[in-house]
Protein chains: 2
Amino acid sequence: MVGNMDQLARTPNDIGHALRAARKQQRLSQQALATRSGVWQETISKIENGSPGTRMETIFDLCAALNLEIQITERSQGSTDFLEDTL
Amino acid sequence: MVGNMDQLARTPNDIGHALRAARKQQRLSQQALATRSGVWQETISKIENGSPGTRMETIFDLCAALNLEIQITERSQGSTDFLEDTL
DNA sequence: TTGCTTTATGATATTTACATCATAATAAAA
DNA sequence: TTTTATTATGATGTAAATATCATAAAGCAA
């Protein structure tokens, strides 16, 4: 394990983990986050537990409230995966 | 100019722009992307034009098909750069 | 144990994204 | 121009996310 390369999100679970980690790091309850994000506590619970299909904007709201940012970048050519673009 | 730091996404429009840019860069039509992502061309059109409320998983599907990755990170404190974790 | 806080869950109603089709508008070639 | 490829748009039906409430389940202190 080289480092903290775990902000990568490719599934609803990844999102949930990232959000929960950030919230806990800031010692916010789901309810406190709900208040400052406008997303309901019940919804936050589901998202943190990886419920699928969450709307982008809900994630944006939570990220904003948690001082998180979302970046979209080219996938860095990984180690063992050998998938080639036959462009 | 240090680098291309414009993959930041905080609105549906940002997502749309990133996706369209990547698709064009790879010279794919919306239909071609639709085929390889499982997302319909009509839906791709709307997303690229910033339609709100898109489901996370739809974005994931498109990113996967375009070799893009989504990262969630702490918002880097701007200019005055003494940020402390009072852990 | 009790009591308090936090998180999860169940139900309902509204809203909306997406699939799907058809097609219109636009762009690009020919 | 005409033809073809691409993108956008409009309509419909279904599936599902979220707001909202009520409450159950966990967790944690006293």
Side-chain angles (χ1 to χ4, degrees), chain A residues 6-7 9-72 74 85-87, chain B residues 6-7 9-72 74 85-87:
Chain A
D6 223 86
Q7 331 81 331
R10 28 172 62 128
T11 68
N13 246 299
D14 295 340
I15 301 269
H17 281 136
L19 290 176
R20 172 163 287 173
R23 179 177 63 80
K24 293 235 154 171
Q25 208 172 288
Q26 297 176 42
R27 289 180 196 77
L28 296 171
S29 67
Q30 290 180 350
Q31 183 53 59
L33 177 57
T35 299
R36 56 166 80 175
S37 67
V39 179
W40 283 69
Q41 178 267 317
E42 296 86 338
T43 301
I44 294 174
S45 171
K46 284 167 195 158
I47 292 171
E48 287 187 353
N49 286 308
S51 101
T54 305
R55 287 189 290 120
M56 257 176 21
E57 283 180 308
T58 303
I59 303 301
F60 285 146
D61 290 344
L62 293 172
C63 284
L66 287 169
N67 272 290
L68 298 176
E69 62 182 26
I70 296 181
Q71 294 184 247
I72 303 186
E74 275 182 37
D85 294 2
T86 31
L87 200 261
Chain B
D6 222 86
Q7 330 78 334
R10 29 172 60 125
T11 68
N13 246 299
D14 295 340
I15 301 270
H17 282 136
L19 291 176
R20 173 164 287 172
R23 178 177 63 79
K24 294 232 153 173
Q25 209 172 289
Q26 297 175 42
R27 289 178 199 75
L28 295 171
S29 67
Q30 289 180 350
Q31 183 53 62
L33 178 56
T35 300
R36 57 167 79 179
S37 67
V39 179
W40 281 68
Q41 178 267 317
E42 296 85 338
T43 301
I44 294 173
S45 171
K46 285 166 195 161
I47 291 171
E48 287 187 354
N49 285 307
S51 99
T54 306
R55 287 189 289 120
M56 257 174 20
E57 284 179 307
T58 302
I59 303 300
F60 286 146
D61 290 344
L62 293 173
C63 284
L66 287 169
N67 272 290
L68 298 175
E69 62 182 26
I70 296 180
Q71 295 184 247
I72 303 186
E74 276 184 36
D85 293 2
T86 33
L87 203 255

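As a basis for the values below, the full set of heavy atoms in this structure was taken, side chains included, without hydrogen atoms, waters or symmetry mates. Please read all numbers here as calculations on a predicted model, not as lab measurements.
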Among dC21(C), dT6(C), dA8(C), which nucleotide sits nearest the side chain of W40(B)? dC21(C)
Taking N49(B) for the side chain and K46(B) for the main chain, is one N or O donor matched with an acceptor at less than 3.5 Å? no
Examine distances only and state if a side-chain atom of S45(B) and a backbone atom of Q41(B) form a donor-acceptor pair shorter than 3.5 Å. no
Looking only at heavy atoms, what is the nearest atom pair of [X] and [Y], with distance?
X	Y	answer
P12(A)	G50(A)	CB-O, 3.5 Å
A18(B)	I72(A)	CB-CD1, 4.1 Å
S37(B)	A65(B)	CB-CB, 3.7 Å
I15(A)	A9(A)	CD1-CB, 3.9 Å
L66(B)	L19(B)	CD1-O, 3.8 Å

Residues at least two apart in sequence or cross-chain that pass side chain to side chain donor-acceptor pair (under 3.5 Å) with E48(B), listed by chain then number, are R20(B), R23(B), Q30(B)
Between E74(B) and Q25(A), do the side chains contain an N or O donor and an N or O acceptor separated by less than 3.5 Å? yes
Please report the interatomic distance CG(L33(B)) to CH2(W40(B)), rounded to the nearest 0.5 Å. 14.0 Å
dist Q31(A):CD -> I44(A):CD1 (nearest 0.5 Å) comes out at 7.5 Å
Can you work out whether Q41(A) or T43(B) has the more 5'-proximal nearest nucleotide on DNA chain D? T43(B)
What's the angle between the local helix axes at either end of the helix from dT1(C)-dA30(D) to dA30(C)-dT1(D), using five pairs per end and rounding to 10 degrees? 50°
Near-strand residues of residues 45-69 of chain A, defined as heavy-atom separation under 4.0 angstrom from DNA chain C: S45(A), N49(A)
Sorted by number, residues from residues 12-21 of chain B placing a heavy atom under 4.0 Å from DNA chain C are none
Checking only heavy atoms, does the side chain of E42(B) share a donor-acceptor pair with the base of dC21(C) at less than 3.5 Å? yes
Identify each donor-acceptor pair in which a side-chain atom of residues 53-61 of chain B lies under 3.5 Å from a protein atom, sequence neighbours left out, and give them as a table.
unit_1 : atom_1 : unit_2 : atom_2 : d
E57(B) : OE1    : G53(A) : N      : 3.3

Go through DNA chain D in 5' to 3' direction and return only the first and the last nucleotide with some atom under 4.0 Å of chain B's heavy atoms. dT7(D) to dT9(D)
Taking C-beta and beyond as the side chain, do L28(A) and R36(A) meet within less than 4.5 Å on heavy atoms? yes
Separation of dC21(C) atom C1' from Q31(B) atom CD, nearest Å, is 13 Å
